[in-house]
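One-based numbering along the sequence shown. As a basis for the values below, the full set of heavy atoms in this structure was taken, side chains included, without hydrogen atoms, waters or symmetry mates.
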Amino acid sequence: GEAVNFVVYTQKFQPNLALVNSKGEIFKQSDRNDKGYGNIVTTITISGKYVLYVIGSENSLGNYILQTAIAEPNALSLGSTSDFCTTLDFLLAHSIAYFFLLENPNLATQHLVKLNDAEDAFIDEEDGSYNATFYSGNELQKADPAFKNIVDKIKLCLSNDWKMKISEWQRTEDYKEKLVTFTENIKERPRYIVVGLFDYTGSNQRYKNNYSVEVEINRQAQKQNLK
């Protein structure tokens with residue numbers, strides 16, 4: 001069986017969704033609302049061909065955006081003793097669907113997964129990226145080794161299908177950053193991991209600490225060509 005999350009939304013009409021099985025029966029349909037979206041969250045336990053319909057009223061006309069996320073049920077949970085590479089693989093698998101399944105409380109069976117040794121983790125609501133903090137403090141002599149350590153760990157986990165780019169210290173706005181970016185070597189919407197060491201000592205902003213080491217995981221967004 002597979003866990004699925006389908007969402008359709010538009011400003012042109014009130015959309016609804018219907019998932020129909022191979023017998024022509026409605027397996028699941030979205031609840032009616034007047035907010036401009038339709039959502040189906042369910043687990044498909046019987047294999048076969050399914051068709052997903054986007055439905056409007058008789059006079060509905062216009063563009064809409066459909067987002068789909070599909071995962072095996074065992075991909076929705078992770079063992080508490082999983083090592084770093086296993087956890088990273090789990091997160092990379094979910095990045096294919098922009099962590100859509102991890103965010104949905106109807107499907108997720110545990111709190112948001114943290115990469116091993118991370119202090120904190122969250123999903124960015126703006127771009128859907130997964131973010132983890134590995135150091136936040138005022139000592140560069142601790143931040144720099146933490147940065148190098150996480151880079152080395154990620155390098156050991158990834159296959160040769162990933163490219164690595166190193167960006168030395170550079171100023172961004174009014175703080176400095178040093179980045180290592182790992183990118184999947186495919187043409188369309190590659191996944192990526194960015195490890196950043198950030199120096200806020202010269203910033204005019206009131207950051208809680210002077211240094212941080214952070215990891216971002218995401219997939220390149222799909223371009224929408226709506227007329």
To the closest 0.5 Å, what do you measure between CZ (F6) and OH (Y53)? 13.5 Å

Heavy-atom neighbours of Q170 CD exceed 12 at 6.0 Å: yes

Which value, rounded to the nearest 0.5 Å, describes the distance between C85 atom SG and N116 atom CG? 9.0 Å

So do the side chains of I44 and L19 get within less than 4.5 Å of each other, counting heavy atoms only? yes

Side-chain contact test, heavy atoms from C-beta onward, threshold under 4.5 Å: evaluate it for V213 versus T133 and give yes or no. no

Check this for me, if you would: do D144 and K148 make a salt bridge, where the nitrogen-to-carboxylate-oxygen distance has to be below 4.0 angstrom? yes

For a quick check under 3.5 Å, do D89 and T86 share a side-chain donor-acceptor pair by atom type? no

Could you tell me if the side chain of I150 sits less than 4.5 Å from the side chain of L115, heavy atoms only? no

Side chains of S129 and N131: donor-acceptor distance under 3.5 Å anywhere? yes

Any donor-acceptor N or O pair under 3.5 Å, side chains E177, T172: yes

Side chains of S95 and N218 only: does a donor on one sit below 3.5 Å from an acceptor on the other? no

Side-chain donor/acceptor of S159 to backbone N/O of D161, under 3.5 Å: yes

Hey, quick one: are F90 and V215 part of the same hydrophobic cluster, counting side-chain heavy atoms closer than 4.5 Å, chains of contacts allowed? yes

Could you check whether any side-chain N or O of Y207 sits under 3.5 Å from a backbone N or O of Y211, counting only pairs where one atom can act as donor and the other as acceptor? no

Given the rule that I, L, V, M, F, W and Y join up when any side-chain heavy atoms are under 4.5 Å apart, are L140 and Y135 in one cluster? yes

For the hydrophobic clusters of this structure (ILVMFWY residues joined by side-chain heavy atoms under 4.5 Å, transitively), does one cluster hold both F27 and I40? yes

Is it the case that the side chain of N21 and the backbone of E25 share a donor-acceptor pair, with hydrogens and angles ignored and the cut-off at 3.5 Å? yes

Just by modelled atom types, is the L197 backbone N or O under 3.5 Å from a matching donor or acceptor in the E214 side chain? no

Would you mind reporting whether W169 and L179 have side-chain heavy atoms less than 4.5 Å apart? no

Would you tell me whether S136 and N209 have side-chain atoms, one donor and one acceptor, within less than 3.5 Å of each other? yes

Is D199 paired with K178 through a side-chain N to carboxylate O contact shorter than 4.0 Å? no

Is there a path of hydrophobic side-chain contacts, each under 4.5 Å between heavy atoms of I, L, V, M, F, W or Y residues, that connects M164 with I193? yes

Taking Y192 as the fixed residue, which of E184, K165, E216 is the one that meets the side chain to side chain donor-acceptor pair (under 3.5 Å) rule? E216

Quick one: are D117 and F84 in side-chain contact, heavy atoms under 4.5 Å? no

Distance col, row I166:CD1 vs E168:CD, nearest 0.5 angstrom, shows 6.5 Å

Just by modelled atom types, is the G38 backbone N or O under 3.5 Å from a matching donor or acceptor in the S30 side chain? no

Test item: side-chain donor near acceptor, D31 and N16, under 3.5 Å: no

Side chains of D174 and S203: do they bring a donor and an acceptor to under 3.5 Å? yes

Side chain R191, main chain R219, donor-acceptor under 3.5 Å: no

In terms of heavy-atom contacts, does CG of L61 have more than 12 from other residues, nucleotides or ligands at under 6.0 Å? no

Grouping I, L, V, M, F, W and Y whenever their side-chain heavy atoms are under 4.5 Å apart, do I55 and V4 come out in a common cluster? no

Kindly say whether N210 contributes a backbone atom to a donor-acceptor pair with the side chain of N138 at under 3.5 angstrom? yes

Between the CG atom in L112 and the CG atom in D120, the distance rounded to the nearest 0.5 Å is 9.0 Å

